[in-house]
Amino acid sequence: MPAVLPVLATRLSTAAATAFGSAYGELDPELRSATKPEFGHYQSNLALRLGNALRRPPREIAAGLVEALDVTDLCQPVEIAGPGFLNLTLLPSILAAAVNEPVTFTSRQQRVVVDYSQPNVAKQMHVGHLRSTVIGDALCNVLAFVGYDVIRQNHVGDWGTQYGMMIEQLLEEDLDPETLDLRGLQLLYERSRKHFDADGTFADKSRARVVLLQAGDPETRASWRRMVDVSLDDFDQVYALLGSQLTRDDVVGESAYNDDLPRIVDELTQAGLLTESDGALCAFLPGFTGRDGQPLPVIVRKSDGGFGYSATDLAAVRHRVATLHADRIVYVVDHRQALHFDQIFTLARAAGWLPPTTAAEHVGFGTVLGPDGKPFKTRAGGTVKLTTLLDEAVARADALLEGREGIDRQATAKAVGIGAVKYADLSSDRVNDYVFDFDRMVAMTGNTGPYLQYAHARLTRLLSKANEQGGEIKELKEPTEERLALLLTGFPDVVLQVAETLQPHRLCTYLYDVATALSAFYEHCPVLTSEGETRASRIALCTATRKVLHDGLGLLGMAAPDAM
Ligand code: ARG
């Protein structure tokens, strides 16, 4: 019975209904973890809510609630505090049982599609893509853990007018596309861009080449395919280094929707949602206006007949609902695209592609900043190569491990370095910008990845010395062990919150609290040197703590080395 909280919440609702009428059973009992140990384990504001609704003194209501409340099998006598708060404290045996019980979730029979990472072909992945990848992986882990059927979609930027000019440039220079590597591709892009801007004939040829590409001309497609493959190989290297879940099977790039685009226009036209404006086909949605009061249209087909980013995203929504049968669609993309997704979701709903029963959520995130507080760039102003960044993190972690014995130095440095980068990204509210600061992220103290990994490794070492697993937690006498146990029972609840709010930092904060409570426990409660029941019980508490840290780090996409 790991989830005591929902059981108590239901009991409170029942008491409200019994004492004050069935309608009051519908009120949220507002049962939360107590803010201070002297308030017990949980506190509820229900009496204050009821007092408001019934216009009666909350303390009087609280007394009525306690009278009707049946929790003697779970709690110590309920206390009324202050203006009418209810303080609940679990019986020690119930608390112990709640920690002992394994955490399980059953399938929800719900499918969630998560669109994340999404780098662009012929370009370096940048730190924004790093954020999307790290946050997306963590969310997929959490959603799967709580029982969703998760489908990952890497909506790679592999389509658009730039390929026309790159292929044209390739032909003009008589370059063999097979010889291109990522660097070569980037340089090719730069040359073709200059050429395009300077030479009208070349620009026309490039546009004609785009038409050939979209129409499926075999030779043009082959050159394009090569460019995509070179880039995907490069992305795979970053994913491997990061330990990302993403595979080639998850790549469903913009190009995949090419054949659906004319139908998108047809269906929107039939629904009367498109207006011609300067030769382009646009959707003007109510409520979308700029600062100057001018309408902000969604451009579905450009005046030259080409389709852009919006059309592709509309086709993607349609596909995810109609073919992938998504119940929930999640987009992990930086917050500057908030308006774009707001428009896409609104238009897709109007078109009937996104039914009211399917949730669509833009999981926005802030910018990664350099030490100067400006968006993270190289000194020359270019994008920072991700592999360089990750290698540096691993090197710093390696230095941190200097002198440690009995560890696999290379593997541990990788686990710690990559973990540090991920944790730094995940631990603050994702909507905020954050400064990429190696010194802070690889620190062994504070709310960092290495601190949590160390807490786990230290527990592992302690448990290996104990020569027993401890069986079940039987007694929780000391306040610090009680506090740790109580925190552990909150794990399923936190994970559910992350699945709901899509805010991984809640799990980070929770794990940090667990690690901090563990330190306090070590300080006050000897484990290996204690005896009998106490020893066995404390070892069991350590085993349970280790499991929560291990599983929690795993959900964040971080390794939990056994020694460091
Ligand atoms: N490739 C885009 C970029 O780098 C992000 C794509 C986000 N996903 C989507 N379905 N639009 O900005």
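Counting convention: from 1, in listed order, for ligands and their atoms alike. What you see below is based on every heavy atom in this structure, not just the backbone, and it leaves out hydrogens, waters and symmetry mates.
Ring centroid separation for the pair Y331 and H362 does not come in under the 6.0 Å cut-off. Here Y512 and Y451 bring their ring centres to under 6.0 angstrom of each other.
The N/O atoms of N120, backbone and side chain alike, include one that comes under 3.5 Å of an N/O atom in ligand 1. Ligand 1 has an N or O atom lying under 3.5 Å from an N or O atom of Q337, backbone or side chain. Considering backbone and side-chain N/O of H340, none are found under 3.5 Å from N/O of ligand 1. An N or O contact shorter than 3.5 Å links D313 to ligand 1 by distance.
Scanning all protein heavy atoms for the shortest distance to atom 7 (C) of ligand 1 gives Y309 OH, 3.3 Å. In this structure, atom 8 (N) of ligand 1 lies nearest to the protein heavy atom D115 OD1, 3.4 Å.
The one candidate from R209, R207, R193, R191 that meets the salt bridge (Lys or Arg N to Asp or Glu O under 4.0 Å) condition with E168 is R209.
Of the listed options H155, K123, R336, E254, H155 places a heavy atom closest to atom 9 (C) of ligand 1.
The contact set between ligand 1 and Y331, taken as ligand atoms under 4.0 Å from a residue heavy atom, comprises 10 (N). The contact set between ligand 1 and V333, taken as ligand atoms under 4.0 Å from a residue heavy atom, comprises 7 (C), 8 (N).
Under 4.0 Å from ligand 1, not a single heavy atom of Y257 appears.
Between E254 and V156 there is no side-chain heavy-atom pair separated by less than 4.5 Å. Using a 4.5 Å heavy-atom threshold, the side chains of V113 and V330 count as separate.
Taking the six-membered ring for Trp and thresholds of 30 and 60 degrees, Y239 and F235 have ring planes inclined between 30 and 60 degrees apart. Ring pair H550/H456 is tilted by interplanar angle, where 30° to 60° counts as tilted.
Here the straight-line distance linking atom CD1 of I264 with atom OG1 of T312 works out to 9.5 Å at 0.5 Å rounding.
Taking 4.0 Å as the cut-off, H129 counts as a neighbour of ligand 1 on heavy-atom distance.
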